[in-house]
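Encoded as structure tokens, the structure appears first; notes follow it.
Below, chain A is the first sequence line, B the second, and so on; all start at residue 1.
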2 protein chains.
Amino acid sequence: MLEIYQLEQLLAFAKYGTLSKAAEELHLSQPALSRSMQKLEAELGVTLFERQKNKIILNQNGSLAVEYAERVLNQAKDMMERVQAFDRSQRTISVGSCAPAPLWSTIPLLSTLYPEMTISSDLKNTEVLLQGLKNRIYQFIILHEEINDSDIHCMKYGEEHLFLSLPPAHPLAERNGIYFEDIDGESFLLRSRIGFWNDLCLKKMPASHFLVQDDQFSFEELVKNSALPCFTSDLVIKRDGTPTNRVIVPILDPEANVSYYFICLIETKKKMEVVLHEIGRHML
Amino acid sequence: MLEIYQLEQLLAFAKYGTLSKAAEELHLSQPALSRSMQKLEAELGVTLFERQKNKIILNQNGSLAVEYAERVLNQAKDMMERVQAFDRSQRTISVGSCAPAPLWSTIPLLSTLYPEMTISSDLKNTEVLLQGLKNRIYQFIILHEEINDSDIHCMKYGEEHLFLSLPPAHPLAERNGIYFEDIDGESFLLRSRIGFWNDLCLKKMPASHFLVQDDQFSFEELVKNSALPCFTSDLVIKRDGTPTNRVIVPILDPEANVSYYFICLIETKKKMEVVLHEIGRHML
DNA sequence: CACAATTACGAGGGTCGTAAAAATG
DNA sequence: CATTTTTACGACCCTCGTAATTGTG
């Protein structure tokens with residue numbers, strides 16, 4: 001029977017034009033490739049090459065065989081990839097969230113409940129997350145809005161309240177509360193990968209500039225050593241403690257005070273019962 | 001790399017359910033199949049089976065792999081078939097004809113001109129033949145009507161004249177000529193595989209019965225030993241000689257006296273020049 | 001105890017690489 | 001003379017089969 005490795009060798013020849021070059025690329029000796037191609041011809045019962053004494057090229061059969069060999073090989077590669085991807089997906093729990101804070105507790109919780117599983121997480125917007133949930137890309141998603149859909153199970157998971165973080169000398173540092181419009185136009189330090197908060201900032205403070213910082217450590221250094229305002233939240237403070245040398249002022253806009261909802265498909269609710277129970281016991 | 005033989009083995013296991021049975025069907029020992037499947041799993045980096053001590057079944061990965069393996073294998077088989085079919089078609093000249101008589105000279109002529117080629121011939125009706133010519137299924141076709149088409153080269157190849165073959169005692173045996181309508185309703189011996197003549201008989205003598213005989217020898221025996229009328233033609237007589245103990249009467253209907261045309265595609269005319277020349281020199 | 005799967009081990013087939021030959025430009 | 005293909009020959013890898021082990025119904 002025809003074998004995959006022969007098709008790979010045939011394609012290499014088709015690509016490189018000579019047996020010598022193809023053999024080199026395949027990390028194989030010429031003679032081995034020469035014989036392998038002879039054997040392929042014998043197995044097909046068909047000549048694939050026109051041979052002159054020191055020259056060999058594909059004939060019409062050979063060109064046709066190359067076309068088909070490409071298809072077979074692509075299909076075989078596809079098989080490997082898909083089976084491996086499926087296996088991975090079976091060993092992975094994917095959580096999608098609209099913001100990072102809920103993941104800080106969710107991921108460790110899932111790790112504890114399913115120690116043998118890989119936990120993967122994504123920050124995406126609501127539409128993408130819902131689509132991903134329905135396509136089984138995510139087992140769970142976390143949104144900052146309630147979803148009423150007959151296919152979807154939705155439970156409140158807690159709240160997050162945004163604060164402005166200012167150096168004590170800042171003119172607004174004495175305020176008890178503040179609105180986005182009061183600070184629109186100022187420049188802010190901002191972390192990247194903050195989900196919907198990013199969109200919210202751009203929307204509510206269109207005149208501001210944001211100095212986006214990818215790295216956690218760099219961000220903290222900048223906060224410490226600059227007078228630039230930035231944002232924090234009750235959940236950040238709960239995780240990291242109160243920031244030193246900073247005054248925090250609540251942001252009063254309703255959009256800055258969100259509730260999170262922990263969401264899964266109804267059809268997986270049964271299987272996820274343990275998770276839902278634990279999530280309920282550990283509200284943010 | 002994954003190999004075809006492993007996919008065949010996997011499919012055999014999927015089909016027969018146990019390694020023992022599958023190994024038997026594959027003419028292979030169990031241990032060999034067992035190890036082969038272990039190796040397949042190792043190459044994919046994925047488990048394909050759930051193993052108990054003396055039981056092994058496909059897991060979800062395995063079921064998915066089986067699906068893909070089927071596709072790969074079908075594609076590989078398809079590759080073999082198509083390449084082989086293409087090779088055959090390159091070594092074969094196919095002639096289509098509306099009647100057998102022109103083939104009696106055409107086939108030997110082509111065999112002589114192309115001794116290394118296989119000559120294959122078909123009897124079909126005009127539409128099928130024209131379609132086959134355009135689809136390159138036939139390199140040549142022979143019709144009993146002239147074709148005027150800019151893509152098609154058409155040359156007259158000769159004529160065939162139909163005769164009624166009667167035992168001397170038959171009432172019509174003294175006639176100098178006869179029409180189909182004169183004999184409609186009688187029973188006739190008829191050869192099979194006579195192309196358009198068959199349709200013509202059914203059309204012109206709708207009230208007759210035809211005792212169709214597949215075998216040449218049986219047909220001749222029946223002709224000799226029965227008083228049933230049958231048909232012959234100038235080309236049959238030219239080939240086989242005058243029939244013994246029979247009187248032949250010309251059939252005067254214009255449809256019973258046909259001209260044949262030797263036809264190929266214009267685009268192949270150049271390549272077929274030798275054939276066309278020889279056909280022209282050996283008119284029927 | 002029949003049957004199924006796995007492990008161990010030795011045999012054999014097939015592919016590989018090296019070396020040599022033949023041909024071309 | 002460098003490059004290419006093919007043939008010859010010996011080495012080695014890999015798959016195979018036999019035999020033995022473990023486990024199940």
Side-chain angles (χ1 to χ4, degrees), chain A residues 1-63 65-66 69 72-73 76 80, chain B residues 1-63 65-66 69 72-73 76 80:
Chain A
M1 178 65 178
L2 194 91
E3 288 301 341
I4 298 266
Y5 76 95
Q6 295 173 306
L7 303 186
E8 288 177 322
Q9 293 172 353
L10 177 65
L11 287 192
F13 173 76
K15 185 172 173 187
Y16 296 109
T18 72
L19 289 180
S20 325
K21 181 66 180 161
E24 187 186 330
E25 296 288 336
L26 290 165
H27 305 291
L28 201 68
S29 69
Q30 270 141 323
L33 184 55
S34 176
R35 269 168 308 166
S36 198
M37 293 298 93
Q38 289 167 21
K39 196 184 166 202
L40 180 59
E41 286 178 298
E43 272 157 359
L44 287 171
V46 152
T47 65
L48 298 175
F49 305 93
E50 267 183 31
R51 292 177 163 81
Q52 283 130 40
K53 283 295 178 185
N54 70 339
K55 197 175 167 190
I56 180 170
I57 55 171
L58 289 168
N59 64 17
Q60 291 188 63
N61 293 334
S63 301
V66 166
V72 175
L73 231 58
M80 295 192 64
Chain B
M1 179 64 178
L2 195 94
E3 288 300 341
I4 297 267
Y5 77 95
Q6 294 173 307
L7 303 187
E8 288 176 324
Q9 293 172 353
L10 177 66
L11 287 191
F13 173 75
K15 185 172 176 187
Y16 297 108
T18 71
L19 288 180
S20 326
K21 180 67 179 160
E24 187 186 330
E25 297 287 336
L26 290 166
H27 306 291
L28 201 67
S29 69
Q30 263 148 322
L33 184 56
S34 177
R35 271 168 307 166
S36 199
M37 293 298 93
Q38 288 168 21
K39 196 184 167 202
L40 180 60
E41 287 179 298
E43 274 158 358
L44 287 171
V46 152
T47 67
L48 299 174
F49 306 94
E50 266 182 35
R51 293 177 162 81
Q52 283 129 38
K53 282 297 179 187
N54 71 340
K55 197 175 168 191
I56 180 170
I57 56 170
L58 288 169
N59 63 18
Q60 291 187 61
N61 293 334
S63 301
V66 167
V72 175
L73 232 58
M80 294 192 63

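B/Lys21 places its NZ atom 13 Å from the P atom of C/dC3, with the value rounded to the nearest Å. As a whole-Å value, the separation of A/Ile57 CD1 from C/dT24 P is 15 Å. Atom-to-atom, CG of B/Asn54 to P of C/dT7 comes out at 14 Å; the value is rounded to the nearest Å. Counting to the nearest Å, the P atom of D/dT5 and the NZ atom of A/Lys55 are 10 Å from each other. Between the CZ atom of B/Phe13 and the C1' atom of C/dA5 there is a distance of 10 Å, given to the nearest Å. Nucleotide D/dT24 holds its P atom 9 Å from the CD atom of B/Gln52, rounded to whole Å. Atom CE in B/Met37 sits about 11 Å away from atom P in C/dT6, given to the nearest Å. Distance, B/Lys53 NZ to C/dA5 P: 14 Å, rounded to whole Å.
Heavy-atom minimum distance, A/Glu41 versus A/Leu48: OE2-N, 2.7 Å. Taking all atoms of both residues into account, the shortest heavy-atom contact from A/Glu8 to A/Leu26 is O-CD2, 4.5 Å. Shortest non-hydrogen contact noted between A/Leu33 and A/Ala23 is CD2-N, 3.5 Å. Shortest non-hydrogen contact noted between A/Leu19 and A/Met37 is CD2-CG, 4.4 Å. Heavy-atom minimum distance, B/Phe49 versus B/Leu10: CZ-CD1, 3.9 Å.
Considering only side-chain N and O atoms, A/Ser34 lies nowhere under 4.0 angstrom from the phosphate OP1 or OP2 of D/dT5. Under 4.0 angstrom from either OP1 or OP2 of C/dC3 there lies no side-chain N or O belonging to B/Ser20.
Side chains of B/Lys39 and B/Gln6 form a contact here, defined as non-hydrogen atoms less than 4.5 Å apart.
Residue pairs that meet the ring pair (Phe, Tyr, Trp, His ring centres under 6.0 Å) test with at least one member in residues 21-44 of chain B, sequence neighbours left out, do not exist here.
When each of C/dT24, D/dT4, D/dT6 is scored by its nearest atom to the side-chain atoms of A/Thr18, the top-ranked nucleotide is D/dT4. Taking only side-chain atoms of B/Gln38, from C-beta outward, the nucleotide of D/dT5, C/dT7, C/dA23 with the closest atom is C/dT7.
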Reading 5' to 3' through nucleotides 14-21 of chain D, protein heavy-atom contacts under 4.0 Å coded B for base, S for sugar-phosphate only, - for none: -SBBBB--
